[in-house]
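First up is the structure itself, then whatever we jot down about it.
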Protein chains: 2
Amino acid sequence: MLGRVNHVAIAVPDLGAATASYRDTLGARVSEPQSLPEHGVTVVFVELPNTKIELLEPLGADSPIAAFLAKNPAGGMHHICYEVEDILAARDKLASGGARVLGSGEPKTGAHGKPVLFLHPKDFHGTLIELEQV
Amino acid sequence: MLGRVNHVAIAVPDLGAATASYRDTLGARVSEPQSLPEHGVTVVFVELPNTKIELLEPLGADSPIAAFLAKNPAGGMHHICYEVEDILAARDKLASGGARVLGSGEPKTGAHGKPVLFLHPKDFHGTLIELEQV
């Protein structure tokens with residue numbers, strides 16, 4: 001079921017400082033910041049040869065990463081996104097195995113305009129997993 | 001400086017259960033467990049098309065992931081490893097920019113038999129970064 005690692009998401013309290021670290025200190029190519037109000041985040045992509053890192057900063061009052069940053073004020077690795085070919089088939093197989101899909105269980109349109117789902121970290125050893133249909 | 005994401009490491013309290021999740025529930029190819037006493041971990045590799053996940057379970061009394069699991073008993077994302085061409089050049093550039101290298105500052109031989117260094121998570125927005133010379 002799991003395909004490529006589409007991205008690893010890192011939540012940070014200060015997107016400008018984090019972008020500067022990855023660009024200037026670590027010497028990586030970074031995108032311009034993109035505000036995604038419907039997702040409650042501003043994102044910068046760190047482009048690597050085989051995958052990308054998403055630096056996420058909260059945007060707005062109900063950001064889905066606010067609670068994570070309250071618990072981890074310095075920031076930290078937030079989730080990992082795997083590509084799947086068929087997100088509904090993946091969801092149904094996972095649900096039949098007892099894994100919990102967050103929210104309504106219906107895919108939403110993710111930050112890349114593709115259907116995504118999140119799986120409960122308690123079912124995956126503390127890791128928040130995003131599935132994205134590509 | 002940063003090259004490919006070599007792996008994302010996930011610390012887990014029960015390697016057998018985590019391996020079963022990735023193999024059976026998530027449908028990924030997984031390796032046999034490998035005990036690495038000199039690194040204080042037992043590792044299973046989850047092989048994906050563009051990178052790999054390393055599932056880590058503590059091994060022995062002084063495991064470097066014991067403190068992380070004490071803080072995160074269910075497990076969690078532990079570090080991300082980037083490939084670099086020249087680890088000494090990378091270290092010197094990072095140090096000149098004020099970033100702290102963990103330990104003695106000299107590369108050690110990592111789990112893949114290649115020279116590795118770890119960077120202080122406080123200098124990188126809460127993310128523990130491993131650099132591996134490939």
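Given the structure is predicted, the values throughout are model-derived calculations rather than measurements. Just the heavy atoms: all of them, side chains too, but no hydrogens, waters or symmetry mates, feed the values below. Proteins come first, then strands; the chains are lettered A, B, ... in the order of their sequence lines, and each starts at number 1.
In terms of heavy-atom proximity, H78(A) sits nearest to M77(B) at C-SD, 4.3 Å. Nearest approach of S21(A) to D123(B), heavy atoms of both residues: OG-O, 4.3 Å.
For A90(B), no part lies under 4.5 angstrom from a heavy atom of chain A. In this structure, chain A has a heavy atom under 4.5 Å from the side chain of L119(B), while its backbone stays farther away. Contact annotation for I80(B): both backbone and side-chain heavy atoms come within less than 4.5 Å of a heavy atom of chain A. In this structure, the portions of L26(A) lying under 4.5 Å from any heavy atom of chain B include both its backbone and its side chain. Looking at V12(B), only its side chain comes within 4.5 Å of chain A, counting heavy atoms on both sides. With a 4.5 Å cut-off on non-hydrogen atoms, L55(A) does not touch chain B at all.
Of the listed residues R4(A), H79(A), M1(A), R29(A), the one with more heavy-atom pairs under 4.5 angstrom with chain B than any other is R4(A). With chain B as the partner, the residue from D14(A), I10(A), T25(A) showing the most heavy-atom pairs under 4.5 Å is T25(A). Among the candidates G27(A), A18(A), G76(A), the residue making the largest number of heavy-atom pairs closer than 4.5 Å to chain B is A18(A).
Criterion: ILVMFWY side-chain heavy atoms under 4.5 Å apart, direct or through other members. Under it, V101(A) and Y82(A) are part of a common hydrophobic cluster. Cluster annotation: L117(A) is connected to L88(A) through the hydrophobic network of ILVMFWY side chains, with a link wherever side-chain heavy atoms come within less than 4.5 Å.
One N or O on the side chain of N50(A) and one on the backbone of N50(B) form a donor-acceptor pair closer than 3.5 Å.
A distance of 7.5 Å separates NZ of K93(A) from CG of D24(B), quoted to the nearest 0.5 Å.
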